[in-house]
Trainee: 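I am attaching a structure below and will ask some questions about it afterwards.
Quick caveat, the model's predicted, so the values are computed rather than measured.
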Amino acid sequence: MAEAYFPVGPGLGMEENFLSLDDILMSQEKLPGRAESALPRLAVLLGQGAGSAESIPEGSKLEIPLWLAKGLHDSKRRIISVELPKIFKEAWRTVFSADANVVDLHKMGPYYYGFGSQLLNFENPENPEIAQTILQATGGGSVLPVSDSVCSLQTFIARFRRIMDSSQNAYNEDTSALVARLDELERALFQVGQKGLNDFQCWEKGQASQITASSLVQNYGKRKLTEVDG
């Protein structure tokens, strides 16, 4: 029986994939900000008014969905200004540097890596530090200009090793406690690791004729071939 929905992966870095359910959900994440000019007829949309004709006065503090913040952000016209969510500020970056494994990323934000990459669309003096901490974790490729591609992957690498180790040592076990603290990207990686382990166990017991590459690896290879042909 054919599947009704074929999962579409999220975009890479600062680009979204609007066919991806993960990216659609991630675009609903809220950003703190401020209205730098009056915003006509947006009060209801942002939960600050009862009538569709109400405007948001200049100087108002806002909680703006990412998709709307990207649409309104214009460095020349100064319609809105955007602040960093607390988990991307210096205090939390220090925690990640000390021990990234202690942080419950799913509680702090289920799309930590994707959302952090999207923050680079906004002008902020801390963007290089944010990029250094998380950006290449979303793709591992040229998602930034060359000058910024020296990201150290501090958070992702520190957590990735533990995630894959856990996924390879939890055969036929309840893994709910293991994945509870992971963001959605990390959960997807954990599932890939679990599937690989299960496929190997089936092959070792003679229950499968051959081991095949995961769809994640196959799709990555197809994307690379497309880039070469282009």
Side-chain angles (χ1 to χ4, degrees), residues 10-18 20 22-39 42 45-48 56-100 102-159 183-186:
L12 296 176
M14 296 166 65
E15 298 298 326
E16 295 172 84
N17 186 336
F18 292 103
S20 167
D22 282 330
D23 275 359
I24 292 172
L25 293 172
M26 182 265 291
S27 71
Q28 303 298 319
E29 294 283 320
K30 298 290 183 65
L31 280 169
R34 181 178 181 273
E36 299 294 341
S37 60
L39 303 176
L42 285 182
L45 181 61
L46 296 177
Q48 296 195 11
I56 295 178
E58 179 180 346
S60 300
K61 291 186 176 181
L62 307 171
E63 287 287 329
I64 320 168
L66 173 65
W67 64 267
L68 181 58
K70 289 176 68 175
L72 292 176
H73 181 70
D74 187 324
S75 58
K76 296 180 180 179
R77 296 179 59 191
R78 298 289 294 173
I79 299 173
I80 62 167
S81 57
V82 172
E83 302 173 9
L84 290 179
K86 67 178 182 179
I87 194 170
F88 296 101
K89 291 184 177 180
E90 183 178 3
W92 275 102
R93 294 200 302 269
T94 302
V95 173
F96 284 123
S97 298
D99 187 354
V102 304
V103 182
D104 185 340
L105 277 191
H106 203 269
K107 181 178 180 181
M108 300 302 293
Y111 297 97
Y112 173 77
Y113 299 104
F115 191 49
S117 299
Q118 290 295 311
L119 293 180
L120 302 181
N121 284 293
F122 306 99
E123 297 176 355
N124 189 295
E126 296 182 59
N127 276 356
E129 287 76 19
I130 297 173
Q132 184 181 11
T133 305
I134 55 94
L135 185 59
Q136 280 192 348
T138 60
S142 56
V143 292
L144 274 179
V146 174
S147 61
D148 290 328
S149 63
V150 292
C151 306
S152 66
L153 311 182
Q154 296 167 353
T155 300
F156 186 72
I157 288 177
R159 293 171 64 93
D183 104 312
E184 293 300 322
L185 172 64
E186 293 174 334

Trainee: Quick one: list whatever passes salt bridge (Lys or Arg N to Asp or Glu O under 4.0 Å) with E29, sequence neighbours left out.
Mentor: none
Trainee: Report the C-alpha distance between K61 and R34 in whole Å, list the side-chain angles of each, state the deciding distance to 0.1 Å, and finish with yes or no for side chain to side chain contact (heavy atoms under 4.5 Å, CB included).
Mentor: CA-CA 5 Å; K61 291 186 176 181; R34 181 178 181 273; 5.5 Å; no
Trainee: Kindly indicate whether the side chain of N124, heavy atoms from C-beta on, has any atom under 4.5 Å from the side chain of L119.
Mentor: no
Trainee: Do I79 and H73 have side-chain heavy atoms sitting under 4.5 Å apart?
Mentor: no
Trainee: Given side chains that start at C-beta, do those of Y111 and Q118 come closer than 4.5 Å, heavy atoms only?
Mentor: no
Trainee: Would you compute the distance between atom CG of L72 and atom CH2 of W67 and round it to the nearest 0.5 angstrom?
Mentor: 8.5 Å
Trainee: Would you say that F115 contacts L31 through its side chain, given a criterion of any heavy-atom pair below 4.5 Å between the two side chains?
Mentor: yes
Trainee: Using every non-hydrogen atom in the two residues, find where K30 and P65 come nearest and quote the distance to one decimal.
Mentor: CD-N, 3.7 Å
Trainee: My understanding is that only one of L185, D183, V103 makes a side chain to side chain contact (heavy atoms under 4.5 Å, CB included) with Y112; could you say which?
Mentor: D183
Trainee: For the residue pair E184 / H106, report whether a side-chain donor-acceptor contact shorter than 3.5 Å exists.
Mentor: yes
Trainee: Set out, in order, the CA-CA distance, both residues' side-chain angles and the distance that settles side chain to side chain contact (heavy atoms under 4.5 Å, CB included) for L66 and F122, then state yes or no.
Mentor: CA-CA 11 Å; L66 173 65; F122 306 99; 3.9 Å; yes
Trainee: Please name the pair of heavy atoms, one in I87 and one in M108, separated by the smallest distance, quoted to 0.1 Å.
Mentor: CD1-CB, 2.9 Å
Trainee: Which pair of heavy atoms, one from A35 and one from L62, lies closest together, and at what distance?
Mentor: N-CD1, 3.8 Å
Trainee: Can you list the residues that meet the salt bridge (Lys or Arg N to Asp or Glu O under 4.0 Å) rule with E58, with sequence neighbours excluded?
Mentor: none
Trainee: What distance separates S37 OG from I56 CD1, expressed to the nearest 0.5 Å?
Mentor: 10.5 Å
Trainee: Any ion pair linking E126 and R93 (charged N to carboxylate O, less than 4.0 Å)?
Mentor: yes
Trainee: Mind checking the CD-CG spacing from E129 to L84? Nearest 0.5 Å is all I need.
Mentor: 10.0 Å
Trainee: I need the I80 CD1 to L68 CG distance, nearest 0.5 Å.
Mentor: 6.5 Å
Trainee: Treating S117 as the side-chain partner and Y113 as the backbone partner, does any N or O pair qualify as donor plus acceptor under 3.5 Å?
Mentor: yes
Trainee: Using the test side chain to side chain donor-acceptor pair (under 3.5 Å), find all partners of S27 that sit at least two apart in sequence or belong to another chain.
Mentor: none
